[in-house]
Amino acid sequence: MTGPSTSMPVAGLFPGPRRQEAVPADLLVRNAKVFTGDPARPEARAVAIRDGRVAALGDDHDLAHLVGPGTKVVDALGRRVIPGLNDSHLHVIRGGLNYVLELRWDGVRSLRHALAMLREQAGRTPKGQWIRVVGGWTAEQFAERRMPTVAELNAAAPDTPVFVLHLYQSALMNRAAVRAAGFTRETPDPRGGQIVRGRDGRPNGVLLAAPSALILYSTLAKAPALDEADKRTSTRHFLRELNRFGLTSAVDAAGGFQNFPDHYATVVDLARSGELSLRIAYHLFPQTAGQELADLKRWTEMVKPGDGDEWLRLNGAGENLTWAAADFENFSEPRPELGGYEPEFESAVRLLLENGWGFRLHATYDETIRRDLAVFEKLAAEGLFPGGNRWLFDHAETVSADSLDRIAALGGALSVQNRMSFQGTAFRDRYGAEAAAHAPPVRAMLDRGLTVAAGTDATRVSSYNPWIALHWLVTGRTVGGTALSPAGTRIDRETALGLYTRGGARLTGEQDVKGSLREGWYGDLAILSDDFLTVSDDVIPDIESVLTVVGGRIVHASAEYEGLDEAVPPISPEWSPVAHFGGYQSGQGGARQASLVAEAVAESEQHRRWRVGRGSVPDTQPSFVDPCFEH
């Protein structure tokens with residue numbers, strides 16, 4: 001029973017005489033290389049799950065007595081099994097409400113192919129709808145090493161509004177989208193943003209975060225939304241897409257234009273009907289400047305952290321508490337100088353702590369973190385820190401050693417994301433290679449014994465593919481291959497996996513039931529397409545789960561396991577980009593993709609040489625960003 005299996009992937013063990021009083025498992029995964037995440041028992045060959053929890057671990061023969069007539073037996077075929085991944089900072093609720101409306105360029109390897117997708121989608125998008133490319137990509141991933149131009153968007157979709165979001169930095173709109181958004185000569189620039197205009201004063205289709213991304217998100221919000229039924233279907237398909245990569249849990253960081261309780265109604269409905277395929281711990285984020293304290297006070301009287309169940313539960317406030325205290329992470333712009341936000345911020349923190357609420361704080365720069373910590377230390381003199389409430393900083397790319405020591409003293413934690421996978425080159429160009437090597441200083445955080453969790457900050461900047469984040473954690477490289485972090489600052493693969501499993505569980509107070517495969521803990525696991533612990537670095541971003549289990553339910557199945565997962569309703573509306581292209585474009589297109597990449601590389605180099613010959617650009621390697629966007 002312990003040797004290589006030649007059976008079908010759902011066979012190989014049969015009901016037999018069981019030990020006295022042995023209760024059969026609902027699901028048994030056998031013939032696996034199980035990484036449990038439990039230091040007391042780091043490895044196993046089989047996992048049995050009963051009533052949504054791990055019933056037993058061991059070798060195949062150890063667990064054979066748990067196979068009964070109703071047990072579903074899955075042969076892992078020698079593949080790696082890991083605890084389910086937990087993205088500690090994912091905008092999953094907002095992402096789900098919009099997923100089927102979005103054309104995803106995540107994983108697309110050439111701009112030529114990306115524009116071909118856009119052109120094809122324009123042919124099926126009905127009048128009045130927009131084509132939206134919303135995050136998950138960067139110019140560095142393309143063979144051409146550049147962004148699209150507005151002219152290319154106009155050519156690909158002359159009549160259908162197109163909105164293309166690029167990181168926290170900018171958005172491109174074709175002529176039809178400029179009209180649909182109502183931008184004219186007379187439209188003023190919003191605070192913290194710029195509508196770029198031509199010589200005639202008309203908007204030319206470029207929006208810049210200068211440095212606030214609100215101009216980008218407020219413009220996107222003008223596009224038509226789904227009806228309630230389609231929001232439900234969209235969310236289910238987005239959760240299934242996350243399950244595809246082995247995600248079984250996420251901490252929702254709320255975000256702009258995500259109002260409570262309205263925009264939470266869909267996940268609440270799915271939770272009540274037992275249709276969530278991802279465990280979600282969510283946060284609440286005041287949306288209106290000047291009204292933050294009133295909103296927080298109202299929420300503390302309505303709900304409390306921990307409300308809900310193991311599938312959907314409130315975790316606290318944030319990632320903003322007050323708008324004035326939020327720094328912005330457009331690394332193509334200088335660090336923003338914040339005004340005197342402390343009095344209102346202190347009132348918000350005090351209100352939360354006195355009501356037993358934890359919180360998370362968006363803080364990109366050490367300058368912001370130091371100011372926040374000064375407020376916390378003031379409240380610590382009153383006994384409010386450390387006070388038993390979970391709190392953390394998100395992002396923290398430039399956090400200093402001194403600030404880390406102060407965070408530790410106040411009982412805080414950190415959640416880091418792989419924004420440097422997508423923005424690392426811009427960060428390095430502005431702040432230098434030494435700063436980029438430690439952005440954020442994950443090794444220094446762990447050396448201090450701090451709780452650290454990992455995530456993506458998807459969907460509007462980074463991709464939701466967790467393996468890109470894990471690749472960055474262990475290699476220090478961007479999606480385009482640029483090396484940012486030397487070996488001494490990186491972490492090993494088992495440590496990185498711990499940040500993506502146990503780390504997230506600690507942030508939600510579930511460290512005793514989630515994050516490892518142990519008897520009595522949640523039956524959440526993934527069978528991987530490739531062994532994360534042994535494959536070469538370049539394979540890591542292409543890893544997927546071939547079978548994902550949450551609470552004993554098979555929520556995603558592919559390869560040999562196709563058809564074992566739960567059914568989801570068809571994608572609606574029928575013209576949805578996801579219905580035709582899917583989500584993340586992992587190895588997509590096969591020979592066609594490879595051909596387009598090769599053509600794009602040749603065309604890009606030919607164009608560069610032509611520009612060099614004209615004296616338009618120096619004879620150096622091309623930038624990852626079109627010079628017209630460097631500002």
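Here the structure is a predicted model, which is why all the values come from computation and not from measurement.
Rounding to the nearest 0.5 Å places CZ of Phe393 at 10.0 Å from CG of Leu404. The CG atom of Leu321 lies 11.5 Å from the CZ atom of Arg360; values are rounded to the nearest 0.5 Å. Note that OG1 of Thr459 and CZ of Arg104 are 5.0 Å apart. Values are rounded to the nearest 0.5 Å. Within the model, atoms OG of Ser277 and CG of Leu239 stand 4.5 Å from one another, a figure rounded to the nearest 0.5 Å.
No side-chain heavy atom of Ile82 sits under 4.5 Å from any side-chain heavy atom of Val34. No side-chain heavy atom of Leu528 sits less than 4.5 Å from a side-chain heavy atom of Val81. Between Val399 and Met445, some side-chain heavy-atom pair lies under the 4.5 Å cut-off. Contact of the Met420 side chain with the Arg428 side chain is not registered, since no non-hydrogen atoms from C-beta on lie closer than 4.5 Å. Using a 4.5 Å cut-off on side-chain heavy atoms (C-beta onward), Asn243 and Thr248 make no contact. Side-chain contact between Leu85 and Leu497: present, with at least one pair of heavy atoms (C-beta onward) separated by less than 4.5 Å. Proximity of Ser218 to Leu216: side-chain heavy atoms (C-beta onward) are nowhere separated by under 4.5 Å. For the pair Thr398 and Thr364, the minimum side-chain heavy-atom distance is 4.5 Å or more.
Between Trp323 and Phe285, the distance separating the two ring centers is shorter than 6.0 angstrom. The distance between the ring centers of Tyr584 and Phe245 falls below 6.0 angstrom.
Heavy atoms only, all atoms of each residue included: Ser545 and Gly246 are closest at CB-N, 3.6 Å. Scanning both residues, Val474 and Ala496, for their nearest heavy atoms gives CG1-CB, 3.7 Å. Heavy atoms only, all atoms of each residue included: Leu414 and Ala396 are closest at CD2-CB, 3.9 Å. Across all their heavy atoms, Thr451 and Gly503 have their closest contact at CG2-O, 4.4 Å. The two residues Asn315 and Thr508 come nearest to each other via the heavy atoms OD1-CA, 3.3 Å. The shortest non-hydrogen separation linking Ser421 to Trp472 is OG-CB, 3.2 Å.
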- Task: Might you work through the salt bridge (Lys or Arg N to Asp or Glu O under 4.0 Å) test for Arg448 and Asp405, ending with a clear yes or no?
- Result: CA-CA 8 Å; Arg448 285 166 170 77; Asp405 292 335; 2.6 Å; yes
- Message: As a quick check of understanding, evaluate ring pair (Phe, Tyr, Trp, His ring centres under 6.0 Å) for Phe376 and Phe359, giving each step before the final call.
- Response: CA-CA 12 Å; Phe376 301 162; Phe359 58 87; 5.8 Å; yes
- Apply side chain to side chain contact (heavy atoms under 4.5 Å, CB included) to the pair Ile369 and Ser403, showing each step before the final yes or no. CA-CA 7 Å; Ile369 292 171; Ser403 292; 4.0 Å; yes
- For Glu310 and Lys514, what are the C-alpha separation, side-chain angles and deciding distance, and is it a side chain to side chain contact (heavy atoms under 4.5 Å, CB included)? CA-CA 10 Å; Glu310 65 189 60; Lys514 186 165 69 174; over 6 Å; no
- Take Arg371 and Glu367 through the test salt bridge (Lys or Arg N to Asp or Glu O under 4.0 Å) and record every step on the way to the result. CA-CA 7 Å; Arg371 291 176 65 175; Glu367 289 80 359; over 6 Å; no
- Would you sort out whether Glu43 and Phe35 count as a side chain to side chain contact (heavy atoms under 4.5 Å, CB included), showing the intermediate values? CA-CA 5 Å; Glu43 298 179 351; Phe35 173 80; 6.0 Å; no
- Item | Stepwise side chain to side chain contact (heavy atoms under 4.5 Å, CB included) check, Val535 with Ile540 | CA-CA 7 Å; Val535 295; Ile540 294 174; 4.1 Å; yes
- Task: Give the C-alpha distance, both sets of side-chain angles, the deciding distance and a yes or no for salt bridge (Lys or Arg N to Asp or Glu O under 4.0 Å) between Arg313 and Asp309.
- Result: CA-CA 6 Å; Arg313 63 204 303 267; Asp309 58 22; over 6 Å; no
- Run the salt bridge (Lys or Arg N to Asp or Glu O under 4.0 Å) check on Asp307 and Lys304 step by step: do they pass? CA-CA 6 Å; Asp307 281 355; Lys304 64 182 184 298; 3.2 Å; yes
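Looking at Leu392, Val251, Leu499 one by one, the single match for side-chain contact (heavy atoms from CB on, under 4.5 Å) with Ser415 turns out to be Leu392.
Side chain to side chain, Ser400 and Asp366 meet the donor-acceptor criterion of an N or O pair below 3.5 Å. Side-chain contact annotation: Gln417 with His395, donor-acceptor N/O pair under 3.5 Å present. Side chain to side chain, Thr475 and Asp537 fail the donor-acceptor criterion of an N or O pair below 3.5 Å. A side-chain N or O of His362 and one of Glu329 form a donor-acceptor pair less than 3.5 Å apart. Counted by atom type alone, Asp106 and Ser463 present one or more donor-acceptor pairs between their side chains at under 3.5 Å. Side-chain contact, Glu319 with His89: a donor N or O sits under 3.5 Å from an acceptor N or O. In the model, Glu140 has a side-chain atom that pairs as donor or acceptor with a side-chain atom of Thr425 under 3.5 Å. Side-chain polar atoms of Arg232 and Ser273 form a donor-acceptor pair below 3.5 angstrom. With no hydrogens or angles considered, no side-chain donor-acceptor pair links His438 and Glu397 at under 3.5 Å. Side-chain atoms of Gln423 and Asn330 form no donor-acceptor pair, as typed in the model, at a separation below 3.5 Å.
Annotation: salt bridge (charged side-chain N to carboxylate O under 4.0 Å, His left out) contacts involving residues 453-467, sequence neighbours excluded, comprise Arg419-Asp457. For the side chain to side chain donor-acceptor pair (under 3.5 Å) condition, the pairs that include at least one residue of residues 494-503, sequence neighbours left out, are Asp492-Thr495.
For the pair Arg279 and Tyr522, the cation sits on the ring face: its NZ or CZ lies under 6.0 Å from the ring centre, inside 45° of the axis. Remark: Arg244 is not positioned above the aromatic ring of Trp467, lacking an NZ or CZ atom under 6.0 angstrom from the ring centre and at most 45 degrees off the axis.
Ring geometry for Tyr264 against Phe260 counts as perpendicular: the plane angle is over 60°, on a 0 to 90° scale with 30° as the lower cut. Classification of the Trp137-His166 ring pair by plane angle, with boundaries at 30° and 60°, yields tilted.
Within 6.0 Å of the CZ atom in Arg298, the count of heavy atoms belonging to other residues, nucleotides or ligands exceeds 12.
Tyr168 meets the ring-ring contact (aromatic ring centres under 6.0 Å, His included) test with no other residue; sequence neighbours excluded. Residues that satisfy the side chain to side chain donor-acceptor pair (under 3.5 Å) test with Arg94, not counting sequence neighbours, are absent from this structure. Every residue two or more places apart in sequence or in another chain that forms a ring-ring contact (aromatic ring centres under 6.0 Å, His included) with Phe238 is listed here: Tyr99, Tyr464. Phe422 pairs by the ring-ring contact (aromatic ring centres under 6.0 Å, His included) definition with nothing, not counting sequence neighbours.
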